[in-house]
Amino acid sequence: MRILLNRIRENFFGSKLDVILSITGALFIYFVLSIVISFILNSDWTLILVNRQLMLTGLMPEEEIWRVWTIFSLTAILITTSIAFWFNINIKGSIFYILLLLIPFLIFTTKNTLLYVLFIMILSIVFFYLGYRSKNSESKNIVSRIIVISWIILLPICFLILNILDGPKMTLWGGFMINLILAAIAIFAGFPLGILLALGRASSYKLIKLISTLYIEVIRGAPLVAWLLLAWFVLPKFLPNLFGLSDLNIVVRAMIVLSLFASAYIAEVIRGGLQSIPRGQEEASFALGMNSISTTIFIVLPQAIKIVIPTVVSTFIAIFKDTSLVFILAITDLLRIGRLIPEQQQAFFGKSIESLCVVALLFWVVSLVLSQISRTIEKKLNI
Amino acid sequence: MFKFRLIGIISLFSVLFVLAACSEESTSSGSSDASSNTLEVIKDRGTLNCGVNDNLTGFGVVTPDGSFEGFDIDFCKAIAAAILGDASKVEYTPLTASARFEALGSGEVDVLIRNTTWTASRDRDLGNDFTAPTFYDGQGMMVYADSNYDSIESMSGATVCVLQGTTTELNLDDRFTGSGIPYTPLTFETNDPLQAAFEAKQCEGWTTDKSGLASKRAGFPAASGGPEALVVLAETLSKEPLGPLTRDNDSELYDVVQWVVFGMMQAEESGITSANVSSMAASPADPGMARLLGVGFEGGEVQDFGFGISPDFMQNVLYQVGNYGEVYDRHLVPLGLTREGSLNAQWTDGGLIYAPPFR
Amino acid sequence: MPSSLFTQFKSEDSIKKKLNLLFRNRIFRRFFIQFVFGIFLLLLFFYIVDKALNLELGFGHLNSRAGFGLSHTFIIDYNSNDSRWMGYFAGVINTIRVSLVGIVLATILGIFMGLARLSPNFLINKISTGYVEFIRNTPLLVQIIFWQLLLLQLPHISKALTFGGLTVFSNKGILLPIISSNENGSLWTLILFLGLIVSLILRSRLFKYKEEHVDLFSPNLISFFTFVVIAIISFFALSMKLSFNVPEVNVNQYGTYIQSGGFILTPQFAAVLFALVLYTGTFITEIVRGSIQSLPKGQTEAAMALGLNSYQRITLIILPQALRSIIPPLTNQYLNLTKNSSLSVAIAYPDLFMVSRTIMNNAGHALPMFVLILITYLTLSLVISLIMNIINLRVTRIGA
């Protein structure tokens with residue numbers, strides 16, 4: 001007890017300044033918390049219950065929702081297996097994660113979908129157990145490869161599921177789903193492109209270096225909303241008439257622009273990593289007889305990427321948050337729906353702040369999870 | 001070794017889904033050859049791509065189950081019924097005011113029926129063709145009933161909310177600055193923040209087409225006073241003829257859209273409704289009605305005007321959607337937009353709804 | 001390359017061997033690869049130019065009458081009869097205004113929060129951590145909209161909150177008293193600014209002089225005195241008058257509330273500003289924290305051993321050293337803030353992006369407008385980078 005009191009005294013009341021700071025801080029926290037809690041308790045949250053599907057999947061017609069469920073279950077299974085396999089499971093961390101992921105989960109379950117949800121939870125638990133068991137077994141390498149390959153083909157399979165058997169038009173994809181899909185595509189396509197650009201900028205071929213630098217600086221020079229508008233108004237006139245390319249719909253064009261934008265930022269980050277590799281590595285590999293392509297692929301790049309993983313993941317998070325900017329293309333993403341609900345639905349007039357809070361919460365959860373993953377990867381690679 | 005296989009798998013699947021995405025595009029968005037005959041494209045495709053509003057009660061809204069309804073929506077359905085025989089074969093693309101012309105110009109939609117005003121610059125500069133106006137509107141100003149505003153002059157120094165990218169923005173400025181009345185515009189991209197600002201009385205006036213004002217007024221939430229708290233000023237700031245539009249040099253579709261609209265107007269003038277169209281088609285009252293419905297008069301020949309669609313297209317339109325009056329009554333009368341004495345009455349009643357002859 | 005390769009080339013017989021020889025040579029290979037790449041680029045360039053010529057290019061439409069009004073005009077006097085160039089320029093000024101104020105406030109906030117993050121006081125530490133975690137992970141757009149909605153909750157102007165008759169809070173904006181001047185005000189501000197620079201240069205020169213000679217005077221006092229003299233002389237030379245401008249809210253004959261006087265902080269400007277400052281502040285917090293943490297702990301310990309209190313420790317030892325590694329990422333954040341100000345298109349703040357949208361809607365010509373936007377943002381970025389570079393050079397020149 002006395003130790004506790006002493007600690008409190010040290011931490012909070014160490015000096016005169018500390019006293020003032022602690023009192024101000026306590027008042028501030030009390031003030032903020034009281035506003036927030038009274039807001040949460042006094043507002044009408046039924047808007048979430050009614051608009052779950054609209055927020056998560058947008059204008060997707062009712063009969064196509066099975067596709068979203070399939071994708072969701074596949075992703076859930078993959079996530080739980082990866083967590084079981086790669087992460088160190090301790091009680092505190094896992095409780096935190098489960099709570100964090102369960103809250104939006106529970107918010108979005110309805111009577112109809114309860115069966116779906118239970119089914120997915122059971123499947124996830126099964127795969128979690130399988131992953132955990134195989135962590136220390138002898139088939140570790142094969143399981144590891146399977147999981148990695150599954151992650152890589154997850155995105156194309158999602159596309160396949162969404163389009164197969166005469167799927168809904170891409171402009172109907174909306175809500176939170178389209179934010180996730182756009183972010184995934186931008187990262188997937190932007191990462192290899194970014195690597196190429198970084199290598200180009202660091203290369204000794206003057207022309208390639210010039211073009212890469214020009215590209216990166218120009219793309220980074222304008223805000224993303226400007227590039228998105230360019231994709232909408234100007235890009236269709238520049239696309240060739242082959243393969244139906246000149247008819248690309250707005251969602252595909254948004255994907256293209258987001259990927260190009262992401263690649264410029266990722267290129268800058270990777271360039272920083274490339275510069276921090278001591279020249280000795282390159283010279284040693286040349287001395288061993290490797291040509292420059294092999295050097296780059298096998299020696300320089302792996303080290304460079306490993307060094308900048310934290311920054312790269314924070315760039316990924318930034319790209320995910322930037323997908324909310326597609327409102328300017330009239331794509332019904334989560335933020336646009338969050339703004340439309342108080343406007344169009346009689347029952348929820350004036351509830352804009354509640355709606356916005358839900359939107360913010362969804363973004364926040366995903367960003368937080370991603371940054372936690374980044375920290376875990378950092379720890380694993382001992383950076 | 002493993003890395004090479006990984007790279008190989010990655011590239012294989014990237015190619016796979018790029019192909020999947022691309023091929024999905026080329027089948028669903030129609031051929032992109034040099035022919036600008038959208039009518040044929042629509043018939044091939046089997047659906048009509050209609051650019052609409054999803055945010056204007058009475059003209060185009062999304063219902064909670066995801067379907068669209070409204071005055072403009074019904075015209076989309078009518079065109080689909082005319083070309084494809086089925087009013088439900090429409091793909092609706094909601095568009096914002098600032099994006100609508102680009103969507104039409106780039107081929108994303110076949111026809112734009114989105115309460116769009118016919119102006120000279122839009123006809124030429126932006127490469128569109130306006131068909132028959134379906135609604136003669138004018139720009140108005142909506143204020144709170146408990147304010148002292150009774151004319152534009154009284155709004156000196158006020159703040160007015162307006163949408164970006166519309167003729168209203170320019171007309172507003174013309175009216176105020178032209179008369180030397182100081183004002184402050186608050187320009188919003190979409191209607192949601194605009195309405196929020198108006199409800200909080202950040203701006204004293206809301207200006208848009210009077211039909212839009214009627215729809216917004218009808219939907220004004222009770223918490224902020226309901227429709228009775230608002231009043232639309234009598235003055236009309238501009239002429240706003242609203243109607244469907246197609247792309248330039250797209251005459252086949254243009255003619256079909258135009259004459260479907262005229263057909264619906266003529267049907268109302270002739271007294272044909274969705275209820276009696278079958279009996280009228282079986283025994284038309286006069287040759288004019290027969291030509292309209294695409295049947296022969298007393299055993300005579302059927303006249304095909306060469307639109308490229310079946311001659312009895314008006315029967316589908318009238319049966320599945322209705323005539324002009326039915327469509328108007330269904331969507332606009334609940335908003336308080338009465339036809340008597342307005343420009344939208346039939347020409348026989350002193351309005352501007354006038355169909356050229358089906359001959 | 002030339003002669004030896006050339007003779008070898010001629011001496012070989014078959015084409016295959018000749019090609020082999022060429023490609024084995026490093027210089028030729030590099031040239032060849034760049035050549036092929038160059039051809040490809042040229043083709044792409046011609047293709048793009050060909051397609052671009054089909055569009056309407058040219059900035060002529062910007063000379064015509066604007067026809068639209070703007071809710072915020074600052075420094076220049078814009079009305080709808082001016083050309084579109086003036087409208088665009090008004091938008092640029094709005095962007096610069098919100099970016100400049102945002103940069104200053106965000107830096108201050110970031111430094112404070114960064115120091116708070118490292119404070120041993122548990123509460124302050126947690127407040128700072130909570131701030132960073134909450135605000136950083138939410139999209140900026142959501143925050144801008146949130147602030148706009150929040151500011152809408154302020155009372156209507158008829159029931160505005162006033163504090164001592166000096167400030168007015170309503171949902172039409174926050175009015176603050178300001179010191180205003182007659183028309184020479186901006187000129188005097190400019191002279192003050194130049195005078196400041198002159199006196200700072202004088203100060204550093206005097207310090208150097210002081211090192212070599214006996215000090216009978218204090219350089220600080222002299223330079224300050226110089227500055228004051230400049231200010232007073234120019235004040236009277238320009239016959240300036242200063243007055244304390246108290247805002248007031250009047251009702252005109254029609255019942256419209258007119259705000260006049262003082263400095264008005266409109267809800268739109270405030271929403272964009274607050275969101276930008278808070279959001280960028282989190283990144284600056286992390287940068288400051290990272291920089292300070294990267295300093296060797298010995299510095300702190302030595303400072304404490306010397307008996308410096310925490311304020312002296314931070315301002316004399318920690319911050320000057322941390323500044324060296326703060327500046328480059330800080331520049332990046334400033335550029336991001338400037339570009340993020342384009343998000344004010346979501347609420348009714350007419351920055352340059354929103355004005356160009358209006359012009360595009362009214363006149364078409366999307367591609368030239370884009371080029372203009374690009375050039376403007378690139379110029380802004382360049383100016384900020386240059387200024388920060390100068391600061392960087394000054395900061396890193398001292399010491400090792």
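Because only heavy atoms are used, hydrogens play no part in the values below, and waters and symmetry mates are left out as well, while side chains stay in.
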- Between the side chain of B:T116 and the main-chain N/O of B:L112, is any donor-acceptor distance below 3.5 Å? no
- Task: Below 4.5 Å from any heavy atom of chain C, which atoms of B:E204 appear? Answer side chain, backbone, both or neither.
- Result: side chain
- Message: Can you confirm whether the side chains of B:N171 and B:E240 place a donor and an acceptor under 3.5 Å from each other?
- Response: yes
- Note on the structure: Contact list (residues 350-359 of chain C to chain B, heavy-atom gap under 4.5 Å, by number) returns C:M354, C:R357, C:T358
- side-chain hydrogen bond (donor to acceptor under 3.5 Å, both in side chains): which pairs involve residues 141-155 of chain C, sequence neighbours left out? none
- Could you check B:T117, B:T208, B:D209 and say which one makes a side chain to side chain contact (heavy atoms under 4.5 Å, CB included) with B:D137? B:D209
- Message: Distance alone, cut at 3.5 Å: any donor-acceptor contact between the side chains of B:T236 and B:K210?
- Response: yes
- Nearest heavy-atom contact between B:G140 and B:T207 is O-OG1, 2.9 Å
- Item | Inter-chain contacts: residues 338-348 of chain C against chain B, heavy atoms under 4.5 Å | C:V345, C:A346, C:A348
- If only atom types and distance count, is the side chain of B:S215 paired as donor or acceptor with the main-chain N or O of B:L56 below 3.5 Å? no
- Query: Have B:N115 and B:N53 got a donor and an acceptor in their side chains that come within less than 3.5 Å?
  - Reply: yes
- To the nearest 0.5 Å, atom CD1 of C:I48 lies from atom CG of C:L43 at 11.5 Å
- Taking the six-membered ring where the residue is Trp, are the ring centres of C:F269 and C:H72 under 6.0 Å apart? no
- Message: Working note: B:Y254 + B:F130, criterion side chain to side chain contact (heavy atoms under 4.5 Å, CB included); need CA distance, chi angles, decisive distance, verdict.
- Response: CA-CA 8 Å; B:Y254 177 88; B:F130 284 81; 5.9 Å; no
- Looking at B:L253, B:D250, B:T246, B:T93, which hits side chain to side chain contact (heavy atoms under 4.5 Å, CB included) with B:D110? B:L253
- Tell me, for B:E153 versus chain C, whether the close heavy atoms (under 4.5 Å) come from the side chain, the backbone, both or neither. backbone
- Message: Strictly distance-based, threshold 3.5 Å: is any side-chain N or O of C:S83 a donor or acceptor partner for the main-chain N or O of C:N63?
- Response: no
- Cation-pi check, B:K239 onto B:Y136 ring (under 6.0 Å, within 45° of axis): no
- Message: Quick check on the interface: out of B:E199, B:R122, B:E169, B:M155, who has the most heavy-atom pairs with chain C under 4.5 Å?
- Response: B:E169
- Residues of residues 176-186 of chain B near chain C, each having a heavy atom less than 4.5 Å away: B:T177, B:Y183, B:T184, B:P185, B:L186
